[in-house]
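So the structure is just underneath, and the comments pick up after that.
Lettering of chains follows the sequences in order, A, B, ..., and the numbering in each one begins at 1.
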Amino acid sequence: MSNGGSYDPHAVEPEIYRFWEQGGYFHATPNPAKPPYVIDIPLPNVTGALHLGHALNNTLQDILIRRARMRGFETLWMPGTDHAGIATQAVVEKRLKEEQNLTRHELGREGLVRKIWEWKEEYGSRILQQLRRMGCSCDWERTRFTLDEVCARAVYEVFFQWFKAGLIYRGLRLVNWDAHLQTAVADDEIIHETVKGHLWHYRYPILPDEPAEPSTVLARAVAPEAKPGVDYLVIATTRPETMLGDTAVAVHPDDPRYKHLVGRHCLLPLMNRPIPIIADAELVNPEFGTGCVKVTPAHDPNDYAFSQRHSEARPINILTPDGKINENGGPYAGLDRYAARTKVVADLEALGLMEKVEDYETEIGHSDRSKTPIEPMLSEQWFVKMGDLAETAMEAVRDGRVRFFPERYAKTYLDWLGEKRDWCISRQLWWGHRIPVWHARLRVRDAERRAAGQRVSDWPQRLVADFRTALERYGAAAGCASDFWVEMAADDPSACFVCARSEKARQELAGIESRVHRARNVGLFGNDPPRAVEIAIGDPRHGPDQAVRGLLLQFEQDPDVLDTWFSSALWPFSTLGWPHEEGARGQGVKRSSDGAPSAPRPLGPSAPSPADLDYFYPTTVLVTAREIITLWVARMVLTGLHFTGRVPFSHVYIHPNIQDGQGRRMSKSLGNGVDPLDIIELYGTDALRFTMAQMATETQDARMPVKRTKLPDGREINTSDRFEPARNFCNKLWQAATGFILPNLTVAADGPSADPSRDREGAVRTPDSEVRRSAHGGTPSPDTEVRRHMDARPLRAENLAIEDRWILSRLGACIREADRCFERYQISDVADTLRTFFWGDFCDWYLELVKPRLYDSADSQGARASDSPPSQGGVGGGSGFAPADGGHPPVVLPERGDCDSAAVARQVLAWVLDQSLRLLHPLMPFVTEALWKKLGEAAPRRGLTETRDAEPALIAAAWPDAATYTRDAAVEREMAALQDVIRALRDTLARINTSRAAAKTPAIGKLPHAIIRADNETAAGLRRQRTVLLRLGRCERLEIGADVAKPAESATQVLAGGVEVYVPLAGLMDLATERQRLQKERDTLRGHIERLTGKLANEDFVARAPAAVVEQERARLAEMRARYTTLERNLADLDD
RNA sequence: GGGCGUUUAGCUCAGUUGGCUAGAGCGCAUCCUUCACACGGAUGAGGUCACAGGUUCGAGUCCUGUAACGCCCACCA
């Protein structure tokens, strides 16, 4: 059997995933008998397709979730997608343009939003389907979308509460404007690129103290005798068109060149506007350029900050939303900003003001989405005040309620929050949660105005108060009394903002909006001024009895939507149905329970209950990459603390980013991305996952060399050799189980002789295909029907051979180490630990050691063994097989070939495989689950000191408990000695064959004769392992003893503990090579001895190093010296 | 410019609180199609731990500096 038995992931994976999903293993419900373990998925964009970063991120989450499930936690992995404002709208807009040649403006807001929903319904679940292929055990029944009803309710509740508390405000701020998409872009969505540009130097004429005509001033500034600092100032800029919005020139307060000019004015050329010369140490670096800075507060962040410090330099916005010069740009109005730049430069030149133009490289911010240059622009936006919110979030990390793994990332978090920059939450988009605020413009009725007489100053306040009262009454009648909140606008006494909390309240406001709209339309046909809606008339329900003081001239919902991160910031509790309080409950949920929602928004499949929130919040750990520590992690902590009083998670596990072989980001534009689905196709899901686990080190980046390859279907894809080791490991696991362990557990019911599939040695050879067929629940072949499964019986220490005790000791160590790494989120170490144990200890050694017991016994079937239980009987304690006192009792080995020995071996094999599958399951869920089924059929009852029926599904089986295994140092030492001897024998054989190949003589398969010299005790131990030594050491004849003679012309090896291995070389190989090897070995050894001797001769070392270290070094030196002597002697013997 | 990280075998990476004769996988070399596995087994070669100082009995590990690379954040008219 060769390739035919290789693991074929595609034959296994879909079926296994179905088995889990149909078994309901992914679904979590509050269960008081278990502690909860919860992970929120870092929301992929609905537009997203799975990339390698997702593969890593989700593999790690699934690993943690699966292990927690096995450890008895009620595990919830909350899946969902993010509506991803700009990204999604851009995708659909692009399609719209391509397919129907329509812009969003032509389609209109409602039409576009409907289109996006349609798109979302069709393609939005793609990434979740891909996660299923990765084996992710998310609770799909709870899948949420940031725009669905459940999430929306939380969004509006949070907005309302913050708005009411004054934490959300409207402010004029400089935002990063994407003129192409016509939206503000977050700082984090900007990529800076170096662009070749120019630095223009030109003159601003200085205005004389006495009044003067602009033309005079200009003429003086360009006159041949004009002097800088007297008649003009030279400024330099990379963006000359912004001068149209200049409102000051800044100089450094200590700059002797300009000190005398502070307080005077320049003439802004082209606009002919006087602008002040202001001293400012922060903005101006006197060393740079001319030391004069033109100030454009509306279009430059630093200048904006400057204008905050100097009120005389008020910002003037010169741009329209689509990047043209607006009416403030005088003659340039209507020009595109780049056309304006050319014209401004030309005009300055024509005026003779241009001094020089230099080539210049500068970093320009580009929108990550549209790839067009960002224009800093002043506009009205909604903000969240970060001060206190940020402070609470910082405190949670400082006091350890939230811990980062690796720890260093706490710094990123704290540094960012420490800046306490207010969070701009409005986006000029149509796709997202619409800001639940209506802009109202009020006017006092003429009758009221007359009645109020001269006291006009408090009209606005009284009007807003009236409006508030009117809305409250209105709300009370409509059943949403506490769902409105009115705030006055800061900059306009006749304006105010109305925020709505519930869906009902929003509908009512929309109703008012449409009435105002209608009224105004009516007004267009009537007299001037247009009629408006009287504030108190609202609804016939409350009668016409109010005193009507004011009119609602304008009432419109804010056109913007919320920043995508606003809804994701609430994810940990919004998905669990927060807020559950009656007062805050919106109309949406009630409608959902009736079925038939009327809104286009689809409801989540199951609405969470208050019990869900109580039980599953806070979550356990957040697994993510470092770039969203600020965007997402910090904001979740801040909202969680503010609205639930508790941190949303206690651990944040930050994993590396995957780069290509050259350390570059994987990206579409570079074409160096690896598609996880291609890898699944090529290598299988488990190989992908295991590789991901191995890459999850504590570094910030992990590299994956990428290469092109052609698939059988002709597609060219990117892949990497990095996946091969994991693929090989999957296969190793599969081969060891299906090719060796399982066939040797099952035995024919009617005895060995009747079974044609048994070979000469009595081992059971089951064709792999049969095992597969039977394990997969297909029609059992006649052969498998007569096959009996293994029986397990309680074992005692005396039943066990040394290799049994050794592998169990190693298994215990492996579990302990894996647990330790898991606690620290060192997943790559978990992967290495498990791989080393299974491949290195279990397959390379234990399976080989146990073969003689299985093959060489005449009646090595479990049926016989189970018929004659051992006389000792009884169940050993649960504490393993190592002696409690740490001593080393004699290992009484049954004779090789003893039937008990074979039965015990089978039981240990089944058990170690059982435990290994459990340990590997979180990393490689598919192969392990598939093998678990097979193992369940071959050995339905398993265990060591106690036996019990195996759990039906590995996904829900118990995680191994390290406490049931005691480390047996003595047995591990003894095994190490045995392994040393075997390696020595193999090494000698390999050297002989290498030398024979060089001499063109045929290789020998075995060593004809070998002699092992060791002290009496060791020799006795080795003699008991004679069968093993002959087999694994590949020799035909073996002498073991304390005083065996070394034959002349022998290869010699000196091992730890003074054990020596001799192999007579006469006729096998030439002695010169052997002599060379020994000399080389002796020389290295001499080097070590010299260094160590020097160290021990150092009095400081002996005096200051810990005694144990000194002792250890002395022992090592003694050992080396002994080896050295033996080596010398062996060399001398060779020379004889 | 600020912060963080990386630099160890040809490649990708481990190396916990300093005790190291520096490890793994891949690749390489040699042998083995022997009976679970060639997606395998066995054996071996391969490293002045980026550089320069310092602390220490002892430094791959701690400190300082330098260089290269990378990531994040902020940005200079």
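When the C1' atom is compared between B:rC11 and B:rG47, the two are found 14 Å apart, to the nearest whole Å. B:rG3 and B:rC13 have their P atoms separated by 26 Å, with the value rounded to a whole Å. For the P atom pair drawn from B:rC76 and B:rU12, the interatomic distance equals 37 Å after rounding to whole Å. The same atom, C1', is picked in B:rG60 and in B:rG41; the two are 33 Å apart, to the nearest Å. For the P atoms, the distance linking B:rG53 with B:rA45 amounts to 32 Å, nearest Å. As rounded to the nearest Å, B:rA74 and B:rA68 have C1' atoms that lie 23 Å from one another. Nucleotides B:rC31 and B:rC37, compared at atom P, are 22 Å apart to the nearest Å. When the P atom is compared between B:rG46 and B:rC62, the two are found 29 Å apart, to the nearest whole Å.
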Any N/O pairs under 3.5 Å between the protein and nucleotides 41-51 of chain B? List them or say none.
residue	atom	partner	partner atom	Å
B:rG41	OP1	A:Lys732	NZ	3.2
B:rG41	OP1	A:Trp839	NE1	2.3
B:rU43	O2'	A:Asp987	OD1	3.3

Please tabulate, one pair per line, each protein N/O and nucleotide N/O from nucleotides 15-22 of chain B that are separated by under 3.5 Å, including the distance.
residue	atom	partner	partner atom	Å
B:rU16	O2	A:Arg820	NH2	3.4
B:rU21	OP1	A:Arg1116	NH1	3.3
B:rU21	OP1	A:Arg1116	NH2	2.7
B:rU21	O2	A:His1088	NE2	3.2

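Of all nucleotides listed (B:rC32, B:rG3, B:rU30), B:rC32 comes nearest to the side chain of A:Ala1003. Comparing atom distances between the A:Ala997 side chain and each of B:rC4, B:rC31, B:rU34 picks out B:rC31 as nearest. Here B:rG40 is the nucleotide among B:rA77, B:rG40, B:rC71 with the atom lying nearest to any side-chain atom of A:Asn728. For A:Gln659, counting side-chain heavy atoms from C-beta on, the closest listed nucleotide (B:rA77, B:rG70, B:rC72) is B:rG70. Closest to the A:Asn302 side chain, of the nucleotides B:rG3, B:rC76, B:rC71, is B:rC76. Among the nucleotides B:rA36, B:rC26, B:rC11, the one closest to any side-chain atom of A:Pro705 is B:rC11.
In this entry the distance linking CZ of A:Arg1031 with C1' of B:rC35 reads 8 Å, nearest Å. Put simply, CG on A:Leu1068 is 15 Å from C1' on B:rC31, counting in whole angstrom units. In this structure, CD1 of A:Ile1004 is placed 17 Å from P of B:rU34, rounded to the nearest angstrom. Spacing between atom CG of A:Asp721 and atom P of B:rC28 amounts to 11 Å, rounded to whole angstrom units. What separates CZ of A:Phe740 from C1' of B:rC37 is a distance of 12 Å, to the nearest Å. Rounded to whole angstrom, the span from the CD atom of A:Glu848 across to the C1' atom of B:rC37 amounts to 10 Å. Across the protein-nucleic acid pair, A:Tyr409 atom OH and B:rC73 atom P stand 13 Å apart, rounded to whole Å. If you measure from atom CG of A:Leu1032 to atom C1' of B:rC35, you get 14 Å, rounded to the nearest angstrom.
In this view, A:Glu1113 and A:Leu1092, A:Lys1095, A:Leu1096, A:Phe1101, A:Val1109, A:Arg1116 satisfy the side chain to side chain contact (heavy atoms under 4.5 Å, CB included) rule, not counting sequence neighbours. Scanning for ring pair (Phe, Tyr, Trp, His ring centres under 6.0 Å) contacts around A:Tyr1124 gives an empty result, with sequence neighbours left out. Applying the side chain to side chain donor-acceptor pair (under 3.5 Å) criterion to A:Arg257, with sequence neighbours excluded, gives A:Asp255. In this view, A:Phe842 and A:Phe838, A:Tyr846 satisfy the ring pair (Phe, Tyr, Trp, His ring centres under 6.0 Å) rule, not counting sequence neighbours. Remark: A:Asp303 engages no residue in a salt bridge (Lys or Arg N to Asp or Glu O under 4.0 Å) (not counting sequence neighbours). Taking A:His201 as the reference, nothing meets the ring pair (Phe, Tyr, Trp, His ring centres under 6.0 Å) condition, with sequence neighbours excluded. Remark: A:Trp845 engages no residue in a ring pair (Phe, Tyr, Trp, His ring centres under 6.0 Å) (not counting sequence neighbours).
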Please list every donor-acceptor pair under 3.5 Å in which a side-chain atom of residues 405-413 of chain A meets a protein atom from a residue at least two apart or in another chain.
residue	atom	partner	partner atom	Å
A:Arg408	NH2	A:Glu698	O	2.2
A:Lys411	NZ	A:Asp415	OD2	3.3
A:Tyr413	OH	A:Ala393	O	2.7

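Looking at heavy-atom distances under 4.0 Å, A:Asn657 makes no contact with the nucleic acid at all. A:Ala1103 comes within 4.0 angstrom of nothing in the nucleic acid, heavy atoms only. Across all strands, A:Ala736 comes closer than 4.0 Å to base atoms (heavy-atom distances). Among the heavy atoms of the strands lying under 4.0 Å from A:Cys843 is at least one base atom, whether or not backbone atoms are also near. Residue-level contact check: A:Asn1098 touches the backbone only, with heavy atoms under 4.0 Å from sugar-phosphate atoms and none from bases. Using a 4.0 Å heavy-atom criterion, one finds that A:Arg703 contacts the sugar-phosphate atoms exclusively. Contacts of A:Arg239 with the nucleic acid, taken as non-hydrogen atoms under 4.0 Å apart, are absent.
A cation-pi contact links A:Lys851 to A:Phe740, judged by a cut-off of 6.0 Å to the six-membered ring centre and 45° from its axis.
Each of A:Asp300 and A:Thr697 was assigned the nucleotide of RNA chain B with the nearest heavy atom; the assignment lying further toward the 5' end belongs to A:Thr697. The residue among A:Leu847 and A:Asp1100 whose nearest nucleotide of RNA chain B lies closer to the 5′ end is A:Leu847.
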Note to self: Show me the dot-bracket string of RNA chain B, counting Watson-Crick or G-U pairs under 3.5 Å, with | for pairs to another strand and [ ] for crossing ones.
What the structure shows: (((((((..((((.....[...)))).(((((.......))))).....(((((..]....))))))))))))....
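Using a cutoff of 4.0 Å between basic side-chain nitrogens and carboxylate oxygens, A:Asp1083 and A:Arg1086 are scored as salt-bridged.
Pairs of residues two or more places apart, or lying in two chains, that qualify as salt bridge (charged side-chain N to carboxylate O under 4.0 Å, His left out) and include a residue from residues 821-834 of chain A are A:Arg67-A:Glu823.
Summarising the geometry, atom NZ belonging to A:Lys707 is positioned 3.5 Å from atom CG belonging to A:Asp721; distances are rounded to the nearest 0.5 Å.
Between A:Leu1029 and A:Cys1035 the shortest side-chain heavy-atom distance does not fall below 4.5 Å. A:Phe306 is not listed as a side-chain neighbour of A:Val293, based on a closest heavy-atom distance of 4.5 Å or more. For the pair A:Leu414/A:Phe404, no side-chain contact is recorded, criterion being any heavy-atom separation below 4.5 Å from C-beta on.
For A:Lys851, a side-chain nitrogen or oxygen approaches OP1 or OP2 of B:rA36 to under 4.0 Å.
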